[in-house]
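Inspection log for the structure reproduced underneath, given as structure tokens.
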Amino acid sequence: DEFVEHIAKTTLKENFGFDQFRHEQFSAIKSILRGENALVVFPTGAGKSLCYQIPAVAFEKIDAAKNGRPHLGSGITIVVSPLIALMKDQVDALLRRGIAAACIDSSKTYEQQQLTTAAIREGRLRLLYCAPERLNNEGFVESMKHVPGGIRLVAVDEAHCISEWGHSFRPDYLKVARFIQEIKAERVICLTATATPRVADDVARAFEIDKSNVFRTSPYRPNLRLLAESVSTKQDKFPKLFKFLREHPGSTLVYVTLQKQAEQLADDLKDEGFHVAAFHAGLKTELKAQIQDDFMASRIPIVVATIAFGMGIDKADIRNILHFDLSGTIEEYSQQIGRAGRDGKPGHCMFYICPEDFYLRENFARGDLPSRQSLRRLLEDLFHRDAVHTPEGDVIKLNQTTLGRTYDIRASPLAILLATLELRFGLIRAITPEYSSY
Ligand code: ADP
Ligand code: MG
């Protein structure tokens, strides 16, 4: 096994030019090379593709080293992917790296398909990309049963599409598991950026993936404490903010939506005796650089900022991230709170929310506000059904058990959803979710 791991590492270096595996890439690759099925849940851009591309290339090297080169070839890896444009990008990138890859899709001419088929037959192809619709084509399925060296691996990209609980259910995905059995694929790797526990369960069940082979880049940041507090009016936020800042010293970012607000709130804070600067895209370049420097060097402890602040700011000891206004999107919010506590010491993230915020940010959470019913569904999905019926008291406390089951869910959507439920629908009267996550 040490030998197999060594091959995986040299493949990373020699064929992809990278020095190190990221996150859980290596664990996922090892389980695939051991012949097990796996599910990978990493956020977009984390590097899911390598989890099947490395094995696809490594199989041949392992075969060659162990048994000498098999005369039938080392088989291929099939990648099922829902978007033709993405498949093309990937194939081009692989070809640039000298890795034999092709994709079969409806845009290909007969001649092109013949070339691909010939390459497969002669054992020259390492990866074959195809859309799930292709699995309806009997000729295709039949030909995959006779690939010399066999189907070593099937990678199912965007695997959440198989789950009816997911937001992008694709009926064609239901055929993938059948296809894998028919063509006697040796193993399967499923990949997705978005799997709630329920969706992950569905995928794991459909492809017989062991719990121990579910790999996540943990977004869990145990040192961050995420808090949300709802107030009746915008005005009520000020005393809360002042109090919070007095009680929580250290480098602090206070996010607001508008440039003018950044200036005003900074002035208000100065009046209260805080040492603070405002930062937004409307400032002169030199002033912006100055404020950044002062913040980095902890000469200015508090910056009231719009979204313009933060890009490229990597200050390890930011202690507090406060949201005086709602973020534009959940992703934006997650990114912003993710700047707290990078040194591993405690960080506090607080957001204040009031009904007015919803008028300012009608489309704050991925487009329109969700309906009451879809919110409930989403919450059920996040917490599992039994934990959802909450409005029995004033306070929801998310305990560790709930957290344990939903640790992949960033706290931000939870907090925003809870706040939405409360303010739009009166389902909840106060929120103090005292959990840490990211
Ligand atoms: P995902 O499918 O998870 O959204 P990709 O597989 O497309 O992400 O990878 C995103 C980018 O990260 C790609 O440019 C890829 O080359 C790069 N990448 C992935 N793994 C590594 C690594 N171990 N070292 C350096 N770059 C990597
Ligand atoms: Mg991808």
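Note that ligands are numbered from 1 as they come in the structure, with each ligand's atoms numbered from 1 the same way. Numbers for residues simply follow the sequence, beginning at 1.
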Test side-chain contact (heavy atoms from CB on, under 4.5 Å) on Asp325 and Gln261; report intermediate values, then the result. CA-CA 10 Å; Asp325 292 321; Gln261 265 178 311; 3.1 Å; yes
Judging by distance only, is a nitrogen or oxygen of Arg97 under 3.5 angstrom from one on ligand 1? no
Closer than 4.0 angstrom: is that true for some heavy atom of Phe21 and an atom of ligand 1? yes
Gln90 to ligand 1: N or O pair under 3.5 Å? no
Under 4.0 Å between heavy atoms, the region of Gln20 that gets near ligand 1 turns out to be backbone
Would you say the rings of Phe295 and Phe309 are close, in the sense that their centroids are separated by under 6.0 Å? yes
To the nearest 0.5 Å, what is the distance between OG1 (Thr10) and CG (Asn15)? 8.0 Å
Mind checking the CG-OG spacing from Leu86 to Ser81? Nearest 0.5 Å is all I need. 5.5 Å
